[in-house]
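Worksheet: the structure to be examined is printed underneath.
Every heavy atom of this structure was used, including side-chain atoms; hydrogens, water molecules and symmetry mates were not. Naming convention: chains lettered A, B, ... in sequence-line order (proteins, then strands); numbering from 1 in each chain.
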Amino acid sequence: MAALTPRYRFAPSPTGFFHVGGARTALYNWILAQQNDGVFVLRVEDTDESRNHPQWTQGIIDALAWIGIDSGDPHFEGPYFQSSFAAQHVATAEEIFAAGHGYYCDLTTEQIQERAKASGLNGYDGYSRDRGLGPGLGHVLRFKVPTGHTIVHDVVRGEVEFANETIEDFVLLRSNGSPVFLLANVVDDIAMNITHVVRAEEHLPNTPKQQMLWNALGSPPPVWAHVPVLVNEQRKKLSKRRDKVAVEQYRDEGILPRAMVNYLMTLGWAPHGDTEIVPWTHIVDEFRLENVNHSPAFFDIKKLAAFNGEYIRMMPLDEFIDACQSVLHSESVPWPPENFNFEVFAAMAPLVQTRVAVLSEVSALVDFLFTAEPPIDEAAFTKSFSADWALPTLIEISKRFEGCAWVADALKLEVEAVGAKHNVKLGKLQGPLRIAITGRSVGTPLFEPIELLGRTESLRRIHSAVQRANR
RNA sequence: GCCCCCAUCGUCUAGUGGCCUAGGACACCACCCUUUCAAGGUGGCGGCACGGGUUCGAAUCCCGUUGGGGGUGCCA
């Protein structure tokens, strides 16, 4: 007998953007497919065709590509659209009915609730099981849940046992004849020879229903694995409404895909050893589904940013400069500004690289070099010039700057000389100068950018600040 | 209500009965370095939810309690 090719399905819903929780599950499936020489099957899940927009699916594929899941790879298959198999879903439901595993029911939701209230029991009581109803207007097809127990063998959690009596006869076909998600899912999984279903924990309570369906259709159920969900600070499942969850958003802010992937993999799982920053190949070698944690994990943006900072600092300089190109923008300054100069930026890049965690922070460190009139932080300005030595020393510095050699080291020496004279340390003394040049009180080392800015412009800014302080 | 899952520093985790005085990472704090801010270095703070068992021995196994989450749709 030929060995069965393992097939892992990744089944996101077609909502315009891609969820970080989904990204992690995708990664798990992708790693498993690679480890076992299997196939990663992408199926976009919605029984309602009107929601299958091509651009949404493309968004999912782009996001997958960003985190390193390549749709051109031989291990990648799809995308498939669940809604395009609707006819098959209905036909299968009818098979189930014909085989005696289902029955039609004409009760409305209100009637079911009334019966439940009257009997004191929960949910639907199986009222129509033996009424012999056929398909018809207002009739739903329900699955006849057998007696006994259903045991779900889960790679992550072990055996989970459900008493079938606690599971009501669930709907397969709506009264308008359309199939429900639960059924569509199983039919598609069987049709696509799916062998492993790795998905979020929230699906665990529905798994016995799906497993019954697999059995009713004469197929051995797949290997199940329910991984913990990602939660917000309130410990609630990450929600698109409340939380910042779009992978694309992190991409646009300058999170590096390697950092994102590495961070995501440390939620619910950890590589061996004392360091969590590990290369992707290492993760692929070491990851085991059996070792995935059982409890929900908080998606910590601060830690993500810290990982990203590490990855930024690991980059060779030219790669860093290159990565900056795509994200150089800021809200206050249109980017790239008129007088953007690549050479100048490249000269600044080494000073910037250790000072950002996210690439979008880059512009705020260099924008003053490329704008005619950098906006001035008023509060910082006032504070910097409050010392009695501030204005006189700055004037003195500007005088010295008029004649000295225009290189960073020389500029620094001039400022230090003024400091020695007034008995003010360089760290303090450079405050007013920094505000004058950059408009801010913190930033990269000062003298390199002053050199890059040039004598004329630097002096102009200093004079302008002196005037402002005099007002 | 009913069903299911979960429980180690603030957070993410290591831990699979003795290597645990519970290890690491992020965050936080202090110091060093320093041209502000970072980066880097050193150190610090901080945890096995609770109660019963089992065992010579429990973070680890069992039961219960409490707390959290999820599911329970003619949503996906």
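Nucleotides B/G41 and B/A27 are separated by 13 Å at their P atoms, to the nearest Å. Comparing the P positions of B/C6 and B/C74 gives an interatomic distance of 27 Å, to the nearest angstrom. Across the P atoms, B/A49 and B/U55 are found 23 Å apart, a figure rounded to whole Å. Spacing between B/U11 and B/G46 at atom C1', rounded to whole Å, works out to 12 Å. On the C1' atoms, B/G23 is 12 Å away from B/C9, given to the nearest whole Å. The same atom, C1', is picked in B/G64 and in B/C12; the two are 30 Å apart, to the nearest Å. Taking atom C1' in both B/C48 and B/C61, the straight-line distance is 15 Å, to the nearest Å.
Each of B/G73, B/C5, B/G40 was ranked by its minimum atom distance to the side chain of A/R157; first place goes to B/C5. Checked against B/U16, B/C3, B/C6, the side chain of A/F162 finds its nearest nucleotide in B/C3. Checked against B/C74, B/C2, B/G70, the side chain of A/N122 finds its nearest nucleotide in B/C2. Taking every side-chain heavy atom of A/F298 into account, B/C12 is the closest of B/U13, B/G71, B/C12. In the set B/G70, B/C74, B/C6, the nucleotide with an atom closest to the side chain of A/V140 is B/C74. Comparing B/G69, B/U13, B/C6 by their closest approach to the side chain of A/S295 singles out B/C6. Checked against B/C3, B/G70, B/U13, the side chain of A/A297 finds its nearest nucleotide in B/U13.
Taking atom CG of residue A/L204 and atom P of nucleotide B/G69, one finds them 18 Å apart after rounding to whole Å. Protein atom CZ of A/R199 is 13 Å distant from nucleotide atom P of B/G71, rounded to whole Å. Atom C1' of nucleotide B/G69 and atom CG of A/L230 are separated by 13 Å, given to the nearest angstrom. Spacing between atom CD1 of A/I167 and atom C1' of B/G73 amounts to 16 Å, rounded to whole angstrom units. Counting to the nearest Å, the P atom of B/G69 and the NE2 atom of A/H203 are 19 Å from each other. If you measure from atom CZ of A/F299 to atom P of B/G10, you get 22 Å, rounded to the nearest angstrom. In this structure, A/E161 atom CD and B/C5 atom C1' are separated by 15 Å, rounded to whole Å. Straight-line distance from the CD1 atom of A/I277 to the P atom of B/C12: 17 Å, rounded to whole Å.
Using a 4.0 Å heavy-atom distance criterion, A/E233 is classed as making no nucleic acid contact. Heavy atoms of A/I312 sit nowhere under 4.0 angstrom from any nucleic acid atom. Contact annotation for A/D46: backbone-only contact, meaning every heavy-atom pair under 4.0 Å involves sugar-phosphate atoms and none involves a base. Using a 4.0 Å heavy-atom criterion, one finds that A/N293 contacts the sugar-phosphate atoms exclusively.
Comment: A/K421 does not engage A/E414 in a salt bridge, judged by the lack of any side-chain N to carboxylate O separation of less than 4.0 angstrom. Under 4.0 Å is where a charged nitrogen must lie from a carboxylate oxygen, and between A/R440 and A/D367 at least one such pair does.
In this structure, B/A7 forms a base pair with B/U66, meeting either the Watson-Crick or the G-U wobble geometry with both donor-acceptor distances under 3.5 Å. Base-pair partner of B/U54: not found among the strands shown (Watson-Crick or G-U wobble, both distances under 3.5 Å). Taking a pair to require two hydrogen-bonding distances under 3.5 Å in either a Watson-Crick or a G-U wobble arrangement, B/C74 remains unpaired. Pairing for B/U21 is absent, judged as Watson-Crick or G-U wobble with the two contacts each under 3.5 Å.
Of the residues A/N293, A/L267, A/V156, A/D154, the one that meets the side-chain contact (heavy atoms from CB on, under 4.5 Å) test with A/V227 is A/V156.
Nearest-nucleotide positions on RNA chain B place A/E201 closer to the 5' end than the other of A/E201 and A/K236.
Seen from the ring of A/F10, A/R43 does not count as a face-on cation partner, given the 6.0 Å and 45° thresholds.
Put simply, the side chain of A/R258 reaches to within 4.5 Å of the side chain of A/M315, judged on heavy atoms.
A ring pair (Phe, Tyr, Trp, His ring centres under 6.0 Å) check over residues 155-180 of chain A, counting only residues at least two apart or in different chains, returns the pairs A/F143-A/F170.
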Would you mind building the protein contact string for nucleotides 21-38 of chain B? One character per nucleotide, 5' to 3', B for base within reach (heavy atoms under 4.0 Å), S for sugar-phosphate only, - for untouched.
---BBSS-------BBBB
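For A/H294 and B/C5, the shortest distance from a side-chain N or O to OP1 or OP2 is not below 4.0 Å.
In this structure, A/F299 and A/Y263 have perpendicular ring planes: the angle between them is above 60°, well past the 30° mark. A perpendicular orientation is assigned to the rings of A/W406 and A/F401, their planes being inclined by more than 60° (bins at 30° and 60°). Relative orientation of the A/W224 and A/H226 rings is parallel, given thresholds of 30° and 60° on the angle between their planes.
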